[in-house]
Amino acid sequence: GLPEDFVLFSGGRQRKVVTAGLELFQQSKNQGGGVARAGGGNMQVEKKLVKRVCQALIRALADGTVVENMVEELAFVYRYYKATLLECKSLDMANIVGEASRLLREHPPAIAMYGSMFDHVLVDEFQDTSKSQLMLVTALAPRAAITVVGDDDQTIFGFNGSNHKNFDLFRAQYPHVRELRLLNNYRSSGVIVEASRALIQHNKMRAAKMQKPVAPPGLKIQVIECRNETCEVRFVVENIKARVAAGTSYKDLAVLYRTQKTGRLFQAQMRKEKLPFNVHGVRVARGGFCLAEPGQGFSYHSSGHNGEHALL
């Protein structure tokens with residue numbers, strides 16, 4: 001029932017709808033009494049509440065959670081959010097996946113068109129997929145050989161709905177899956193591999209595996225705890241200045257960061273200290289790395305055909 005030019009809800013629109021839903025929920029609970037509205041009162045508390053409910057909503061949509069199993073507050077906001085999407089003839093990213101999966105399961109013309117289109121399907125970074133995305137893949141390729149590649153130790157996007165249990169769901173759906181574990185680590189030094197293994201082994205919800213470093217041990221790891229991002233940036237910049245004063249060239253120094261916000265803080269501090277730098281990667285990925293004057297695991301594999309699958 002959506003028009004071809006339907007609107008895609010962004011994160012900002014989603015937050016506005018969730019905020020309105022929370023206000024209506026609070027009004028229904030307070031029956032016209034004093035209500036904390038978005039834009040008034042303690043904004044910090046309200047923003048945290050909106051963020052928490054947005055994340056819960058994303059996870060619920062990604063996992064296909066039925067509204068009957070949600071807590072009262074989330075169930076109210078969920079119904080309001082879905083009704084708003086319908087009224088605005090819109091979808092968000094989670095709903096696009098869910099609706100596409102439903103279309104492939106329930107609409108015969110779509111099944112006929114796409115069900116035999118693919119002989120082989122490859123899903124990379126499988127640990128970052130949600131349950132609904134896994135359902136979409138299996139609906140899109142019911143007779144294809146499916147290969148999934150991933151590492152359950154690297155599941156870090158749970159707040160966006162990714163689910164490490166997809167590995168077990170995949171094994172259950174394809175009981176004759178062929179599983180290959182690539183245990184040689186070519187990327188990191190021996191010290192980093194050993195430290196990572198010592199930390200991640202405390203996670204009980206993971207496939208048992210023992211990565212082996214190919215590289216030599218390398219330098220020891222240093223852990224520096226800073227009070228906040230500002231202190232972190234100042235520490236790094238002062239460290240750069242000290243190394244340059246000791247004879248290190250700017251081109252041999254690099255600062256790695258994950259988010260653009262952190263990158264902007266580094267850039268501002270480097271400009272303030274008049275340090276030369278270039279920035280790389282921000283157009284390619286959400287994060288990037290800032291270079292001060294730069295110079296000129298485990299995997300799952302599913303292969304085969306007509307029901308043969310593998311897990312890398």
Side-chain angles (χ1 to χ4, degrees), residues 122-128 147-158 162 164 167 178-226 229 231-260 262-263 265-267 269-270 275-282 284-303 310-312:
L122 170 66
V123 182
D124 196 11
E125 302 291 358
F126 190 62
Q127 74 278 353
D128 295 333
T147 299
V148 298
V149 184
D151 182 357
D152 58 349
D153 286 344
Q154 297 185 45
T155 306
I156 61 174
F157 292 107
S162 66
H164 68 277
F167 289 101
R178 184 160 64 96
E179 185 170 340
L180 303 178
R181 299 193 178 190
L182 310 181
L183 300 177
N184 287 338
N185 184 299
Y186 296 90
R187 174 183 294 178
S188 304
S189 68
V191 167
I192 290 178
V193 173
E194 293 294 333
S196 301
R197 186 168 61 203
L199 182 63
I200 199 64
Q201 69 182 2
H202 296 289
N203 186 352
K204 304 303 180 184
M205 301 181 68
R206 62 187 289 266
K209 51 191 175 292
M210 186 70 70
Q211 288 237 327
K212 303 170 186 176
V214 174
L219 299 175
K220 290 184 178 180
I221 296 172
Q222 287 184 298
V223 179
I224 309 297
E225 185 175 359
C226 301
E229 285 183 324
C231 292
E232 177 186 7
V233 168
R234 288 176 179 170
F235 170 83
V236 172
V237 171
E238 290 301 317
N239 191 276
I240 289 174
K241 291 167 62 179
R243 288 174 180 268
V244 170
T248 301
S249 174
Y250 280 117
K251 69 182 179 61
D252 294 324
L253 298 172
V255 180
L256 307 183
Y257 56 85
R258 179 170 291 275
T259 66
Q260 292 189 45
T262 304
L265 293 174
F266 275 114
Q267 293 170 46
Q269 188 67 21
M270 287 181 179
L275 300 184
F277 67 90
N278 288 333
V279 180
H280 298 266
V282 292
V284 180
R286 184 176 180 81
F289 48 92
C290 172
L291 299 179
E293 193 186 327
Q296 314 284 355
F298 169 67
S299 170
Y300 279 81
H301 166 80
S302 168
S303 69
L311 194 57
L312 288 182

Rounded to the nearest 0.5 angstrom, the CD-CD distance for Gln269 and Glu238 is 7.5 Å

Verdict with reasoning, Glu232 to Arg234, per salt bridge (Lys or Arg N to Asp or Glu O under 4.0 Å): CA-CA 6 Å; Glu232 177 186 7; Arg234 288 176 179 170; over 6 Å; no

Rounding to 0.5 Å, atoms CD (Gln154) and OG (Ser162) come to a distance of 11.5 Å

CG of Leu275 to CD of Gln267: how many Å apart, nearest 0.5 Å? 12.5 Å

With a sphere of 6.0 Å drawn around CG of Leu219, does it hold more than 12 non-hydrogen atoms of other residues, nucleotides or ligands? no

When you compare the side chain of Met270 with that of Val255, does any pair of heavy atoms fall below 4.5 Å? yes

In terms of heavy-atom contacts, Phe277 and Val279 come closest through CE1-CG2, 3.7 Å

Name of the residue among Leu122, Val123, Leu180 meeting side chain to side chain contact (heavy atoms under 4.5 Å, CB included) with Val149: Leu122

For the residue pair Ile240 and Tyr250, establish whether any side-chain heavy-atom pair is separated by less than 4.5 Å. yes

Main-chain N/O of Val244 paired with Thr248 side-chain donor or acceptor, under 3.5 Å: no

Closest non-hydrogen contact found for Gly150 with Phe167 is C-CZ, 3.9 Å

Quick one: does Asp153's side chain get under 4.5 Å of Lys209's, heavy atoms only? yes

Using a distance-only test with no angle check, is there a side-chain donor-acceptor pair under 3.5 angstrom linking Glu125 and Gln127? yes

What are the two closest heavy atoms between Pro213 and Gly190, and how far apart are they? CB-CA, 3.6 Å

Should we say atom CZ of Arg197 is surrounded by more than 12 heavy atoms from elsewhere, each under 6.0 Å from it? yes

Does the pair Met210 and Leu183 meet the rule for a side chain to side chain contact (heavy atoms under 4.5 Å, CB included), with working shown? CA-CA 7 Å; Met210 186 70 70; Leu183 300 177; 5.5 Å; no

Can you give me the closest heavy-atom contact between Arg206 and Ile200, atom names plus distance? CD-O, 3.4 Å

Which atom names give the shortest non-hydrogen contact between Ser188 and Asn185, and what distance separates them? N-OD1, 2.9 Å

Rounding to 0.5 Å, atoms CE (Met205) and CG (Asn203) come to a distance of 7.5 Å

CD-CD1 distance between Glu194 and Ile221, expressed to the nearest 0.5 angstrom: 10.0 Å

Cys226 and Ile224, any side-chain heavy atoms less than 4.5 Å apart: yes

Kindly compute the distance separating CG (Asp151) from CG (Asp128), expressed to the nearest 0.5 Å. 10.0 Å

On a heavy-atom basis, the closest approach of Gly218 and Val191 is O-CG2, 3.9 Å

